[in-house]
Amino acid sequence: MRKRMKNSKKLLLLIIILFTFTIGYWAITPNKAPLWTGFGPYDESLNGPQAKTLWDWLDLLIVPLVLSIGVWFLSSAEKESEKNLELDRQRQGVLDLFINQISKLILENKLKSKNATREVRVLARTYALTSFRRLDGERKAEALQFLLESQLIHNRPIIPLKGANLRDAVLDGAEFLGAEIKGAYFCNASFRNANLSKTNLCGCDLSRANFSQSTFIDTDLSYTFLRDANLMGVDL
């Protein structure tokens with residue numbers, strides 16, 4: 001539905017541009033304009049009284065037409081802006097809820113303890129995978145940073161992230177030292193100037209990721225997919 005509306009807007013805009021260009025061309029070269037347009041010379045002694053021309057109609061309709069189109073575009077832009085704001089609020093709500101849920105599991109259900117039940121760990125992983133699917137790139141980075149700082153995804157992670165949707169994550173300058181994130185999807189993610197030393201990324205999809213100026217000392221990249229990844233200036 002949204003795609004169809006965008007295509008309709010583009011088509012309408014194209015029609016307006018072509019119409020304006022044609023009218024402008026006739027106005028500049030009135031001798032080439034058809035008589036019915038009213039731009040060229042007209043001899044009433046030869047052709048009789050002239051009927052209303054395109055220019056006459058434009059003179060009547062141009063102002064209300066321009067105003068109507070302007071109001072329509074403004075209304076569409078406002079609706080699009082409101083949708084984007086609402087989507088942004090929803091994503092922030094998902095991030096806040098995720099952090100609260102994981103924090104409760106840590107404090108109330110001893111998620112980080114050796115005595116944590118399997119059910120609690122499964123629940124934490126479910127929260128993580130579900131949240132990552134609904135977040136945008138910057139908030140995915142915030143959620144991942146929270147897991148890193150909470151010591152939940154280091155060696156033998158408490159919350160394994162295999163299959164996690166971390167596409168488009170903006171992780172520029174992040175410190176992943178010692179993290180274990182096996183089998184996650186990092187397609188189109190940005191890792192510029194990130195420290196990935198001693199990080200286990202085994203089996204991750206890193207296609208089209210940007211690793212420029214990042215550090216990969218003792219990083220496990222076995223079975224990773226690096227097609228079209230940017231490795232310029234990487235320290236290996």
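For Phe186, the ring pair (Phe, Tyr, Trp, His ring centres under 6.0 Å) partners at least two apart in sequence or on another chain are Phe191. Residues meeting the side-chain hydrogen bond (donor to acceptor under 3.5 Å, both in side chains) test with Ser150, sequence neighbours left out: none. Under the side-chain hydrogen bond (donor to acceptor under 3.5 Å, both in side chains) criterion, Glu175 pairs with Asn195, sequence neighbours left out.
In this structure, the separation between CG on Asn210 and CG on Leu171 is 11.5 Å, given to the nearest 0.5 Å. Note that CZ of Arg134 is 10.0 Å distant from CG of Leu87, once rounded to the nearest 0.5 Å. Going from atom CG of Asn165 over to atom SG of Cys187 covers 8.0 Å, rounded to the nearest 0.5 Å. In this structure, Lys104 NZ and Tyr127 OH are separated by 8.5 Å, a value rounded to the nearest 0.5 Å. Rounded to the nearest 0.5 angstrom, Asn200 CG and Asn155 CG are separated by 8.0 Å. In this structure, the separation between OG on Ser214 and CE on Met232 is 12.5 Å, given to the nearest 0.5 Å.
Residues Ile153 and Ile99 are members of one and the same hydrophobic cluster, defined by side-chain heavy-atom contacts under 4.5 angstrom among Ile, Leu, Val, Met, Phe, Trp and Tyr. The hydrophobic clustering, which links ILVMFWY residues whose side-chain heavy atoms are closer than 4.5 Å, places Val170 and Leu166 apart. Clustering ILVMFWY residues whenever any of their side-chain heavy atoms sit less than 4.5 angstrom apart, transitively, puts Leu161 in the very cluster that holds Leu221. Residues Phe211 and Phe225 do not share a hydrophobic cluster, defined by chaining ILVMFWY side chains whose heavy atoms lie under 4.5 Å apart. Leu144 and Tyr185 fall into different hydrophobic clusters, defined by Ile, Leu, Val, Met, Phe, Trp and Tyr side-chain heavy atoms under 4.5 Å apart, directly or through other members.
For Lys112 (side chain) and Leu107 (main-chain N/O), no donor-acceptor pair under 3.5 Å exists by modelled atom type. No side-chain donor-acceptor contact under 3.5 Å links Asn109 to the backbone of Leu111. Asp205 places a side-chain N or O within donor-acceptor distance of the main-chain N or O of Ser207, the cut-off being under 3.5 Å. Side chain of Lys140 to backbone of Arg167: a donor-acceptor contact under 3.5 angstrom is found. Put simply, the side chain of Ser197 never gets that close to the backbone of Leu177: no donor and acceptor are under 3.5 Å apart.
Val122 places a side-chain heavy atom less than 4.5 Å from the side chain of Arg118. Taking the side chain as every heavy atom from C-beta outward, Leu196 and Thr215 never approach each other to under 4.5 Å. Contact check for His154 versus Leu148: side-chain heavy atoms found under the 4.5 Å cut-off. Counting only heavy atoms from C-beta outward, the side chains of Arg121 and Ile158 approach each other to under 4.5 Å. For the pair Thr117/Val120, a side-chain contact is recorded, criterion being any heavy-atom separation below 4.5 Å from C-beta on. Contact of the Asp220 side chain with the Leu201 side chain is not registered, since no non-hydrogen atoms from C-beta on lie closer than 4.5 Å.
Residue Gln90 places its CD atom among more than 12 non-hydrogen atoms of other residues, nucleotides or ligands, all under 6.0 Å distant.
Side chains of Ser190 and Asp172: a donor-acceptor N/O pair is present below 3.5 angstrom, by distance only. Between the side chains of Gln92 and Asp96, a donor-acceptor pair is found at a separation under 3.5 Å.
Residues Arg139 and Glu142 are not paired through a salt bridge, judged by the lack of any N-O separation under 4.0 Å between the basic side chain and the carboxylate. Ion pairing of Arg91 with Asp88 is absent here, as no side-chain N (NZ or NE/NH1/NH2) approaches a carboxylate O to less than 4.0 Å.
The one candidate from Asn230, Asp168, Asp228, Asn188 that meets the side-chain hydrogen bond (donor to acceptor under 3.5 Å, both in side chains) condition with Arg208 is Asn188.
When all heavy atoms are compared, the tightest approach of Cys204 to Ile181 is SG-O, 2.8 Å. Counting all heavy atoms, side chain and backbone alike, Ala229 lies closest to Leu206 at CB-O, 3.7 Å. Across every non-hydrogen atom of Gly203 and Thr224, the tightest pair is N-CG2, 3.9 Å. In terms of heavy atoms, Arg125 sits closest to Lys162 at NH2-O, 3.2 Å.
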Between Glu86 and Arg89, does a salt bridge (charged side-chain N to carboxylate O under 4.0 Å, His left out) hold up when you go through it step by step? CA-CA 5 Å; Glu86 179 59 29; Arg89 281 194 291 266; 2.9 Å; yes
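Ring planes of Phe98 and Phe132: tilted class, angle from 30 to 60°.
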